[in-house]
Asks: 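The structure under discussion is supplied below as C-alpha cells; questions concerning it will follow.
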Amino acid sequence: MSIYVGNLSYQVTEEDFKQAFAEDKTVNRVQLPTDRETGRPRGFAFVEMESDTQEQAAIDALDGAEWMGRDLKVNKAKPREERSSSSRGSWGGGNARRNNNRY
C-alpha cells in the first residue's frame, strides 16, 4: 500500500520527500508524477513505506501540515483504476458533426 500526498510545491524533489518522510520511518519508494508536455511535477506524489503502521504515522503527522509553503493533503492512496481502451478519444460523444450541420 502507499500514501497519497497532495497540494505539493512544484519545486519538490524526490530527495526532499525522502528527507521529510524518513524521520523514524523507512521510505521504500517515492513517485512524483510529471506532466507529459512540460515535465513539471503535477503537485502530488505517492510514497511507499516499510509498513502500514509507518504509513499511518506519516498520515497522522503530515496531513494538514505546512511544507514548502503549502498545506499538505495526506491519506491512503486508492488503488489505480484500469482504463478501458474503448473510452479513449471519445470526447463529444460523436455529436459534433451533427451540431455543425445546423447552421
Side-chain angles (χ1 to χ4, degrees):
M1 193 68 183
S2 63
I3 57 177
Y4 165 86
V5 183
N7 199 31
L8 292 174
S9 165
Y10 293 117
Q11 285 74 40
V12 72
T13 65
E14 283 190 40
E15 195 56 39
D16 293 331
F17 257 101
K18 289 178 181 177
Q19 289 176 2
F21 278 75
E23 296 177 17
D24 302 324
K25 301 162 197 71
T26 303
V27 176
N28 289 340
R29 181 176 167 207
V30 174
Q31 184 181 9
L32 274 169
T34 56
D35 184 90
R36 290 181 199 161
E37 294 179 16
T38 65
R40 184 176 98 165
R42 294 179 62 194
F44 64 91
F46 297 98
V47 180
E48 292 179 14
M49 305 189 86
E50 192 168 89
S51 70
D52 288 341
T53 304
Q54 288 183 355
E55 288 178 355
Q56 189 59 52
I59 291 168
D60 294 341
L62 298 172
D63 187 37
E66 189 273 332
W67 188 49
M68 298 181 83
R70 309 289 294 263
D71 292 334
L72 298 179
K73 177 64 181 159
V74 184
N75 53 33
K76 285 255 186 212
K78 295 177 183 173
R80 186 174 184 167
E81 294 180 11
E82 291 297 320
R83 296 182 185 180
S84 66
S85 60
S86 63
S87 66
R88 297 182 92 187
S90 61
W91 291 53
N95 293 328
R97 180 177 292 149
R98 212 173 330 140
N99 289 338
N100 287 339
N101 291 334
R102 290 183 184 176
Y103 299 102

Asks: Could you pull out all donor-acceptor pairs under 3.5 Å where a side-chain atom in residues 38-49 meets a protein atom, sequence neighbours excluded?
Replies:
unit_1	atom_1	unit_2	atom_2	d
Thr38	OG1	Asp35	OD2	3.3
Thr38	OG1	Arg40	N	3.2
Glu48	OE2	Arg29	NH1	3.4

Asks: Are Asn75 and Val5 packed together at the side-chain level, in the sense that at least one heavy-atom pair is separated by less than 4.5 angstrom?
Replies: no
Asks: Has the side chain of Asp16 got a donor or acceptor atom that lies under 3.5 Å from a matching backbone atom of Thr13?
Replies: yes
Asks: Compare every heavy atom of Ala61 with every heavy atom of Ala65, then report the nearest pair and how far apart it is.
Replies: CB-O, 4.1 Å
Asks: Can Lys73 and Asp63 be said to form a side-chain contact (heavy atoms from CB on, under 4.5 Å), step by step?
Replies: CA-CA 5 Å; Lys73 177 64 181 159; Asp63 187 37; 3.7 Å; yes
Asks: If you apply the rule side chain to side chain donor-acceptor pair (under 3.5 Å), what do you find for Asp52 with Gln56, and how did you get there?
Replies: CA-CA 6 Å; Asp52 288 341; Gln56 189 59 52; over 6 Å; no
Asks: Following the transitive rule for hydrophobic clusters with a side-chain heavy-atom cut-off under 4.5 Å over Ile, Leu, Val, Met, Phe, Trp and Tyr, establish whether Ile59 and Trp67 coincide in one cluster.
Replies: yes
Asks: So which atom in Thr26 and which in Gln54 form the shortest heavy-atom distance, rounded to 0.1 Å?
Replies: N-OE1, 3.0 Å
Asks: When hydrophobic residues are tied together by side-chain contacts of less than 4.5 Å, even through go-betweens, does Leu72 share a cluster with Val30?
Replies: yes
Asks: Using side-chain heavy atoms (C-beta onward) and a distance below 4.5 Å, is Ile3 in contact with Val74?
Replies: yes
Asks: Does Tyr10 belong to the same Ile/Leu/Val/Met/Phe/Trp/Tyr cluster as Leu8, with side-chain heavy atoms less than 4.5 Å apart forming each link?
Replies: no
Asks: Not counting sequence neighbours, which residues clear side chain to side chain donor-acceptor pair (under 3.5 Å) with Ser9? List them please.
Replies: Gln11
